[in-house]
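Each chain gets a letter, A, B and so on, in the order the sequences are listed, and its residues count up from 1. The model shown is predicted, which means the values in this text are computed figures rather than measured ones.
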Protein chains: 2
Amino acid sequence: MPRPHSSQAAPTRPSPAHRPRLNRVYAAIADPTRRAIVAALAGGELNVGSLARRFPISFNGVSKHVKVLERAGLVRRRVRGREHWLRLRPEPLREATRWLEHYREFWDARLDALEAMLVGTRGRRP
Amino acid sequence: MPRPHSSQAAPTRPSPAHRPRLNRVYAAIADPTRRAIVAALAGGELNVGSLARRFPISFNGVSKHVKVLERAGLVRRRVRGREHWLRLRPEPLREATRWLEHYREFWDARLDALEAMLVGTRGRRP
DNA sequence: TAATCATTCAACCGATCGGTAGAATATTGT
DNA sequence: ACAATATTCTACCGATCGGTTGAATGATTA
């Protein structure tokens with residue numbers, strides 16, 4: 001019987017465990033090159049070529065990374081003639097932040113409670 | 001010449017592009033089973049066995065997932081006799097949230113600016 | 001001491017990943 | 001019409017991933 005050791009309530013679950021979108025967003029930004037692409041695209045739209053020129057890997061490598069970001073919903077592509085212009089999309093990042101913040105806040109509260117308990121105990125129970 | 005198309009400044013880079021810790025944190029939470037483990041562990045400490053019993057995969061599968069979370073710094077292990085007790089660690093999540101929020105805030109500001117521009121234009125330039 | 005329990009370790013499997021190279025497909029400029 | 005440009009598609013490579021199984025290690029209990 002795995003006694004839960006703490007009586008603090010668990011946070012209400014923020015996600016039904018199987019969200020392919022969320023999986024893809026986290027997997028996408030787990031790669032440093034893709035995070036750098038996000039950073040580059042935050043400066044404004046770029047086409048694939050001028051984006052690729054900023055990275056030490058091959059054009060095709062960057063093209064593949066862009067596709068991953070696209071599948072995660074983080075990048076939108078606008079084809080204009082022979083060039084494909086890429087733009088960031090903020091929405092999926094918001095959902096991704098939400099999951100993280102949920103647990104971060106929970107832990108912050110935990111640490112605060114612990115500190116309060118220690119401070120409160122200090123002079124009161126000699 | 002990849003004209004940046006927007007004159008808005010890019011956000012100041014929040015990470016020097018190659019942070020194995022951050023990579024590991026995002027890769028860790030990209031898997032739904034591992035996110036569920038995080039959720040389970042938020043309810044208090046658990047040993048590997050009682051944790052594994054909550055999941056439809058094998059004991060060893062869960063053990064491996066725990067190891068991934070550990071390497072990402074999200075879980076701490078305390079060996080007590082033959083059982084290993086697992087506890088969440090908030091610190092890496094904070095760094096992970098910071099990167100996401102950085103861009104989220106940037107985009108929010110962008111959307112706000114766009115909206116303001118549209119509203120401002122509406123009655124002023126007929 | 002022997003049996004049981006909690007756990008890791010090692011090997012394996014098929015799938016996916018990051019990356020490259022080369023061929024194919026459009027679009028543009030001359 | 002032709003050459004150059006921008007990009008994807010296909011195929012390949014070695015590495016890692018999620019998962020399983022079986023054996024090994026170590027602590028507890030009888």
**Prompt:** DNA chain C: Ile57(A) or Val66(B), which has the more 5' nearest nucleotide?
**Reply:** Val66(B)
**Request:** Verify the contact: side-chain N or O of Lys67(B) to OP1 or OP2 of dT7(C), cut-off strictly under 4.0 Å; return yes or no.
**Result:** no
**Prompt:** Looking only at atom types and distance, does a side-chain atom of Arg54(B) sit under 3.5 Å from a main-chain N or O of Ile37(B), one as donor and one as acceptor?
**Reply:** no
**Asked** Partners of Arg77(B) by side chain to side chain contact (heavy atoms under 4.5 Å, CB included), sequence neighbours excluded?
**Response** Val48(B), Val66(B), Lys67(B), Glu70(B), Val79(B), His84(B), Leu86(B)
**Message:** Taking side chain to side chain contact (heavy atoms under 4.5 Å, CB included) as the definition, give me every residue that meets it alongside Ala52(A), ordered by chain and number, with sequence neighbours left out.
**Reply:** Phe59(A), Val62(A)
**Item:** Set of residues satisfying salt bridge (Lys or Arg N to Asp or Glu O under 4.0 Å) with respect to Arg71(A), sequence neighbours excluded
**Value:** none
**Complete:** Atom CG of Asp31(B) and atom P of dA15(C) are separated, to the nearest Å, by 17 Å
**Asked** If you check the Ser58(A) side chain, which of dT7(C), dT20(C), dT7(D) turns out closest?
**Response** dT20(C)
**Item:** With Glu101(A) via salt bridge (Lys or Arg N to Asp or Glu O under 4.0 Å) - residues at least two apart
**Value:** Arg104(A)
**Message:** Rounded to whole Å, how long is the line connecting atom CZ of Arg34(B) with atom C1' of dG18(D)?
**Reply:** 8 Å
**Asked** What integer distance in Å separates Arg77(B):CZ from dA6(C):P?
**Response** 15 Å
**Fill in**
Given protein heavy atoms under 4.0 Å, the one-letter contact record of nucleotides 22-29 of chain C, with B base, S sugar-phosphate only and - none, is simply B----BS-
**Prompt:** Does Ser63(A) make a side-chain N or O approach to OP1 or OP2 of dT7(D) shorter than 4.0 Å?
**Reply:** no
**Asked** Rounded to the Å, how far apart are His84(B) NE2 and dC5(C) C1'?
**Response** 12 Å
**Request:** Under the side-chain hydrogen bond (donor to acceptor under 3.5 Å, both in side chains) rule, collect the residues that match up with Arg24(A), sequence neighbours excluded.
**Result:** none
**Item:** Atom pair distance, as rounded to whole Å: CZ in Arg53(A) and C1' in dT7(D)
**Value:** 12 Å
**Prompt:** Within the distance-only criterion (no hydrogens, no angle test), does the side chain of Tyr26(A) pair as donor or acceptor with the backbone N or O of Asp31(B) below 3.5 angstrom?
**Reply:** no
**Asked** When you check the phosphate oxygens OP1 and OP2 of dC17(C), does a side-chain N or O of His65(A) lie under 4.0 Å from one of them?
**Response** no
**Complete:** Of the listed dG18(D), dG18(C), dA6(D), the closest approach to the Glu83(A) side chain comes from dA6(D)
**Asked** Atom CZ of Phe59(A) and atom P of dA6(D): how far apart are they, to the nearest Å?
**Response** 8 Å
**Item:** Nucleotide dT16(D), atom P - distance to CZ of Arg24(B) in whole Å
**Value:** 12 Å
**Message:** Using whole Å, what does the distance between atom C1' of nucleotide dA21(C) and atom NZ of Lys64(A) come to?
**Reply:** 11 Å
